[in-house]
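Just below is one structure, and these are the notes that go with it.
When a ligand or atom number is given, it counts from 1 through the structure's own listing order. In this chain, residues are counted from 1 in sequence order.
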Amino acid sequence: MIFASNFKTNHTRKSTRDYLYRLQELTIKNNLFSKVYIFPPSTALDNFENIAFNIGTQNAYTTQNGAFTGEIGLEQLEEFDIKTILIGHSERREKLFETQDIVSSKFQFFKDQEFDIIYCVGEPIEIREKGDDAVIEYLLAQFEGIDTTYEKLTIAYEPIWAIGTGKSASIKDIENTHKALKKISNKPILYGGSVNAKNIEDIANIDSVDGVLVGSASLDADNFCEIIKNGLK
Ligand code: PEP
């Protein structure tokens, strides 16, 4: 199982450091050997000594460096040995207007740099309400320009209506969608959308779920540790 935590615009430099060392202590104490990814805000990226997890960036621009106000590029990531990135998160698609063209060129750029990529896809509620076929058609369009055979690719299926709402997708919906996605790519597929310490066990028990991407419920290190503990399978 993979356990990924997306801090979004939460946590400071100090609280990120405290979180990571707290999680380190908890995972060692509880014997939680698993694949853990943490995505802090870019202001909190750093060289964290002895941290056993993968630290990734929530976003970056397709450049080594240059005149791209407000963005970070490879030069800033290299300083902290960051080789993992989230691409295609629905908040960047919807709130920051990243089109499929932007998302796919970002994918191509970071693929060329051999980054581990967690690539997010997910449908809005009006598509989910139309049924499974409409969902798959919508998700397929989010793979345009994406190399689904890239060896360092992990897919995250995150229905938009389940993100941050406290209303996770049903087990059946997750199962059906992941099964369909497995036909598109043989890479690991995470589920994301209101995962918490209570529902993780049922979600982790779904065969086609290879891990989870967690927002709100992962912001507290003890809580995230509880999710890992309950979700190990
Ligand atoms: C996310 O935004 O990636 C996410 C899954 O958020 P939450 O767990 O809060 O639904």
Side-chain angles (χ1 to χ4, degrees), residues 1-11 15-16 19 23 34-42 44-45 53-60 84-98 103 106-107 110 115-125 127-128 135 138-139 142-143 146 153-171 173-175 177-178 181 187-204 206 208-231:
M1 267 299 272
I2 295 168
F3 297 89
S5 163
N6 177 10
F7 283 11
K8 309 187 185 186
T9 317
N10 296 293
H11 278 296
S15 69
T16 297
Y19 180 107
L23 192 62
S34 53
K35 295 184 185 171
V36 174
Y37 291 78
I38 308 286
F39 293 89
S42 52
L45 297 177
F53 327 120
N54 226 310
I55 310 289
T57 184
Q58 295 173 23
N59 181 46
T84 304
I85 186 167
L86 270 185
I87 296 180
H89 192 282
S90 61
E91 285 154 11
R92 294 208 60 85
R93 291 182 193 260
E94 304 250 303
K95 296 181 181 166
L96 293 149
F97 312 108
E98 285 195 1
V103 167
K106 209 173 263 195
F107 186 98
F110 286 98
F115 269 55
D116 282 303
I117 298 176
I118 297 193
Y119 182 69
C120 306
V121 295
E123 81 286 356
I125 189 65
I127 299 293
R128 170 50 69 188
V135 170
Y138 188 92
L139 298 181
Q142 295 185 320
F143 284 99
I146 303 300
L153 165 66
T154 298
I155 293 166
Y157 168 56
E158 300 204 298
I160 298 172
W161 46 273
I163 293 182
T165 58
K167 186 179 176 292
S168 167
S170 69
I171 298 298
D173 282 348
I174 300 173
E175 202 163 30
T177 313
H178 277 228
L181 290 174
K187 301 303 163 195
I189 305 179
L190 316 182
Y191 167 75
S194 296
V195 172
N196 59 43
K198 284 201 181 110
N199 62 20
I200 180 69
E201 218 176 309
D202 289 341
I203 293 171
I206 303 171
S208 52
V209 167
D210 302 301
V212 285
L213 176 54
V214 193
S216 338
S218 70
L219 293 180
D220 176 82
D222 293 75
N223 222 5
F224 190 47
C225 194
E226 200 63 25
I227 292 175
I228 300 172
K229 214 190 306 179
N230 298 348

Can you find an N/O atom of [X] closer than 3.5 Å to an N/O atom of ligand 1?
{"X": "H89", "answer": "yes"}
{"X": "A217", "answer": "no"}
{"X": "G192", "answer": "no"}

What's the shortest heavy-atom distance between [X] and [Y], and which atoms?
{"X": "S216", "Y": "G164", "answer": "OG-CA, 4.2 Å"}
{"X": "C120", "Y": "E158", "answer": "SG-OE1, 4.1 Å"}
{"X": "Y138", "Y": "G122", "answer": "CE2-O, 3.4 Å"}

Protein heavy atom at shortest distance from [atom]:
{"atom": "atom 5 (C) of ligand 1", "answer": "E158 OE2, 3.0 Å"}
{"atom": "atom 9 (O) of ligand 1", "answer": "S216 OG, 2.4 Å"}
{"atom": "atom 2 (O) of ligand 1", "answer": "K8 NZ, 2.5 Å"}
{"atom": "atom 8 (O) of ligand 1", "answer": "G215 N, 2.7 Å"}

Point to revise | ligand 1 atoms in contact with G164 (distance to a heavy atom under 4.0 Å) | key: 7 (P), 9 (O), 10 (O)

Practice item. Heavy-atom contacts with S194 under 4.0 Å: which atoms of ligand 1 show up? List them by number with element. Key: 7 (P), 8 (O), 10 (O)

Exercise for review: For the residue pair Y19 and P40, establish whether any side-chain heavy-atom pair is separated by less than 4.5 Å.
Suggested key: no

Point to revise | Results of side chain to side chain contact (heavy atoms under 4.5 Å, CB included) for I85 - residues two or more places apart only | key: T57, A60, I87, F110, F115, I117

Check your understanding: Quick one: does A162 get a heavy atom under 4.0 Å from ligand 1?
Key -> yes

Revision key, fill the gap. With sequence neighbours left out, the residues meeting ring pair (Phe, Tyr, Trp, His ring centres under 6.0 Å) with F143 are Y119

**Study point:** Atom pair CD1/OH of I171 and Y191 - distance to nearest 0.5 Å
**Key:** 8.5 Å

